[in-house]
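Every number for a ligand or one of its atoms is a count from 1 in the order of the listing. Predicted, not measured: the structure shown is a model, and the values here were computed from it.
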Amino acid sequence: IRLAIYPGTFDPLTNGHISIIHRAKHLFDKIIIAVAQDSGKKPLFSIEERVSMINTTFFSDHMVDVENFSGLLVDYVEKKNAKTILRGLRAVSDFEYEFQTSLMNRKLCPEIETIFLISDYKWLYISSTVVKTVASLGGDVTDFVPENVLICLKTKYCQ
Ligand code: ACO
């Protein structure tokens with residue numbers, strides 16, 4: 001089967017990520033959303049909370065699995081017998097980081113390719129950080145995250 005690994009911190013999952021996943025379903029048979037423990041970020045939500053939120057969102061979707069991983073991404077991808085890493089690109093600002101990371105991953109494991117989907121223009125200006133900032137200050141983020149993530153954000157920020 002055509003398997004893609006979609007890695008990220010997902011702190012939390014946003015409609016931007018969901019859009020990439022739905023579009024990738026036309027290209028792959030299965031997508032594993034791989035939630036990173038070692039992304040170098042200090043997440044608001046624990047790894048269990050991040051995995052659980054994505055599981056709830058994709059509960060009835062048999063094309064999508066959710067797992068967490070630690071250590072090197074390429075080691076995890078190899079362990080899953082996958083050949084493809086899926087990433088979304090929002091703007092030129094994402095490019096430099098993605099360029100460096102994908103080249104490093106290719107150097108570490110030449111058999112694995114990274115495939116990029118350009119984000120839908122609707123989600124170009126959002127990121128997990130922007131969503132958290134707005135939510136923490138009491139702003140309405142209904143349009144940017146699925147319902148279950150919205151509830152988790154409100155609980156986290158005691159709203
Ligand atoms: N729409 C809207 N927002 C998006 C979209 C989209 N389609 N795609 C990404 N974003 C946002 C995210 O919300 C996130 O926002 P934030 O920075 O405010 O949190 C940001 O863009 C990028 O985040 P993610 O896509 O979640 O990816 P992230 O950069 O957090 O994850 C990764 C990186 C893949 C987990 C990487 O750190 C990794 O592979 N870690 C494992 C360890 C490893 O192998 N490291 C070596 C890599 S090689 C190297 O680093 C050079």
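- When the heavy-atom distances from atom 11 (C) of ligand 1 to R90, K107, R106 are ranked, the shortest goes to R90.
- Between atom 17 (O) of ligand 1 and the options K41, E98, R50, the minimum heavy-atom separation is to K41.
- Here's the thing with I126: one of its N/O atoms is less than 3.5 angstrom from an N/O atom of ligand 1.
- Residue S39 touches ligand 1 through backbone and side chain together, judged by heavy-atom distances below 4.0 Å.
- Among all non-hydrogen protein atoms, the one lying nearest atom 26 (O) of ligand 1 is T9 N, 3.0 Å.
- Nearest-residue assignment for atom 42 (C) of ligand 1 (options G71, S128, A91, A34; heavy-atom criterion): G71.
- Where the criterion is an N or O separation shorter than 3.5 Å, residue side chain and backbone included, R87 meets it with respect to ligand 1.
- Per-atom contact check: atom 38 (C) of ligand 1 does not touch the protein, criterion being a heavy-atom distance below 4.0 Å.
- Where the criterion is an N or O separation shorter than 3.5 Å, residue side chain and backbone included, S119 meets it with respect to ligand 1.
- Contact annotation for F10 and ligand 1: only backbone heavy atoms (N, CA, C, O) come within less than 4.0 Å of the ligand.
- At under 3.5 Å, a nitrogen or oxygen of T129, whether backbone or side chain, sits near a nitrogen or oxygen of ligand 1.
- At a 3.5 angstrom cut-off on N or O pairs, L73 counts as close to ligand 1.
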